[in-house]
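Below is one structure, written out as C-alpha cells; the observations come after it.
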Amino acid sequence: MDSYNAIKNELLNHISEGDTFMLTQPEDSTHGNYATNIAFIVAKEKNLSPKFCATELSPLLQEKLSALVEKIEVAGPGFINFFLKASKIQ
C-alpha cells in the first residue's frame, strides 16, 4: 500500500462514517509530505478546538503509522503535517 493510502486509511478510523477530510501534499515542503484537516472535522463532532484535537490525534497517528512516518507536527489552528521516513518517499 502506498503512503498516501496508508495515511488516509488510518485517518478514516478517527472520523464518523460519511464525514470527509482532506489529505494533500503541501506546496511548501516544510509542511511535510502530507497534511490533513481532519482535526477540524473531529473538533466539530466533539465540540472541541481543532488544535486540541490535532494535539490529541498526533501521538495516536504516530504510533499507528510509525513504520511509515518519521514525525507528525501540529500546525497553525489544527492542521496535522506528516513527514515520511526517507525510505518511504516515492
With a 4.5 Å cut-off on side-chain heavy-atom distances among I, L, V, M, F, W and Y, is there a chain of contacts connecting F82 to L60?
no
Would you find more than 12 non-hydrogen atoms of other residues, nucleotides or ligands less than 6.0 Å from K85 atom NZ?
yes
Please list, chain by chain and in numerical order, all residues satisfying ring pair (Phe, Tyr, Trp, His ring centres under 6.0 Å) with F52, sequence neighbours excluded.
none
Members other than F40 in its cluster, when Ile, Leu, Val, Met, Phe, Trp, Tyr link by side-chain heavy atoms under 4.5 Å?
F79
Extract all donor-acceptor atom pairs below 3.5 Å that involve side chains of residues 66-78 and protein atoms in other chains or at least two apart in sequence.
{"residue": "S66", "atom": "OG", "partner": "E63", "partner atom": "O", "Å": "3.4"}
{"residue": "K71", "atom": "NZ", "partner": "E73", "partner atom": "OE2", "Å": "3.0"}

Is I15 reachable from L57 through a run of I, L, V, M, F, W or Y residues, each pair having side-chain heavy atoms under 4.5 Å apart?
yes
Can you tell me which residue pairs pass the side-chain hydrogen bond (donor to acceptor under 3.5 Å, both in side chains) test with a partner in residues 26-43, sequence neighbours excluded?
S3-Y34, D28-T30
Look at the side-chain heavy atoms of Ile, Leu, Val, Met, Phe, Trp and Tyr, link any pair under 4.5 Å apart, and say whether M22 and L11 land in one connected group.
no
Between N9 and Y4, is there a side-chain heavy-atom distance shorter than 4.5 Å?
no
Between A39 and I80 the two heavy atoms that sit nearest each other are CB-CD1, 4.5 Å
Atom CD1 of I7 and atom CG of L84: how far apart are they, to the nearest 0.5 Å?
5.0 Å
Of all residues at least two apart in sequence or in a different chain, which pass the side chain to side chain donor-acceptor pair (under 3.5 Å) check with S16?
E45
Of all heavy-atom pairs between F21 and I41, which one has the smallest distance, and what is that distance?
CB-CG1, 4.2 Å
Which pairs count as side-chain hydrogen bond (donor to acceptor under 3.5 Å, both in side chains) when at least one residue sits in residues 46-58, sequence neighbours excluded?
none
